[in-house]
Amino acid sequence: YDQPAPKKLHLGMFEIGKALGKGKFGRVYLAKERSTGFICALKVLHKSELQQGGVQKQVRREIEIQSNLRHPNVLRLYGHFHDSKRIFLILEFAGKGELYKHLRKEHRFPEWKSAQYIAQMAAALKYLHKKHVIHRDIKPENILVGIHGEIKISDFGWSVHAPNNRRQTMCGTLDYLPPEMLVRGSQENYYSDKVDLWSLGVLTYEFLVGEAPFEDTPVMTQRRITRADMTIPSFVSPEARDFIKRLLVLDPEKRMTIDEAQQHPWILKHCVKTE
Ligand SMILES: Nc1ncnc(NCCc2cnc(NC(=O)Nc3cccc(C(F)(F)F)c3)s2)c1Br
């Protein structure tokens, strides 16, 4: 039985639609694969910009890591191809776009919606960590919303295979960085999948409050993170407060595990199990 030849991917096989968004390193377009009518999102990266940013190996790692991931709350990367100047990522199209735009518009999410989103994030992280993948860049800007309102972690540009003690120069917001990645020399910057749990705590806070817990000037943000110095407003329920406080723990080993997070009263209260 001769297998169908893997089709050579190239730009001509796609009909390009509207621009969906533009990131740091390039634009994303709605696209339709001509022969099948398959709808996807096409992210265009310019090789020159990646070289300038010194991130081309990170894109390669992203492609290698994400191509093997299959989970309803993880955005699919179906494949990639390149021409002389550009690299194209063929991505699952998320019908309701970028979560951070919904968050900015609504200012903050009600507790039931926040808990359902966080439960989906926890399911995705449990899947990633079982495959020894640490995302390392969990934040509203890297979460998309599917057509049925389900959320999908995306942009694995900063993900790595655990365990990892490689020093990475970070750029962009510090808000989501865990203390062990900020404190120099803490076991030579050894960190584990626990970094994603810290970020899950920051994400929960931002969903419920509408701003990040350590938001401040860059210097003050670093100081407040390394002291876990945050205040939770009184309108946040006691269960949600307890959930956040058990994740934003300085010592990674004392942070709540993914399983404990999924079994926490705040999650169980809002997420009726569909057995
Ligand atoms: N409605 C939508 N439906 C689907 N997608 C949408 N937007 C694209 C979301 C992304 C998914 N994956 C991405 N990956 C990267 O960007 N990778 C990347 C790029 C440059 C540098 C680097 C790095 F190497 F520097 F990290 C890593 S962007 C939208 Br809006």
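Everything numeric here is computed off the predicted structure, so don't read it as measured data. Both ligands and their constituent atoms are indexed starting at 1 by order of listing.
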- Query: Would you call Lys139 and Asp175 a salt bridge, using N to O less than 4.0 angstrom?
  - Reply: no

Practice problem: Give a yes or no on whether Ile143 and Val28 share a hydrophobic cluster (residues Ile, Leu, Val, Met, Phe, Trp, Tyr; joining criterion: side-chain heavy atoms under 4.5 Å apart). | Solution: no

#### Entry: Parallel, tilted or perpendicular, as decided by the 30° and 60° cut-offs, for the rings of Phe243 and Trp266
tilted

By chain and number, the residues contacting ligand 1 below 4.0 angstrom (heavy atoms only) are Leu20, Phe25, Val28, Ala41, Lys43, Leu45, Leu50, Val55, Gln58, Val59, Glu62, Leu75, Leu89, Leu91, Glu92, Phe93, Ala94, Gly97, Glu98, Leu144, Ser154, Asp155, Gly157

Note: with side-chain heavy atoms under 4.5 Å as the link, the other cluster members for Tyr100 come out as none

Hits for salt bridge (Lys or Arg N to Asp or Glu O under 4.0 Å) against Glu150, two or more places apart or cross-chain, chain-then-number order -> Lys152

Sorted by chain and residue number, the side-chain hydrogen bond (donor to acceptor under 3.5 Å, both in side chains) partners of Arg76 (sequence neighbours excluded) come out as none

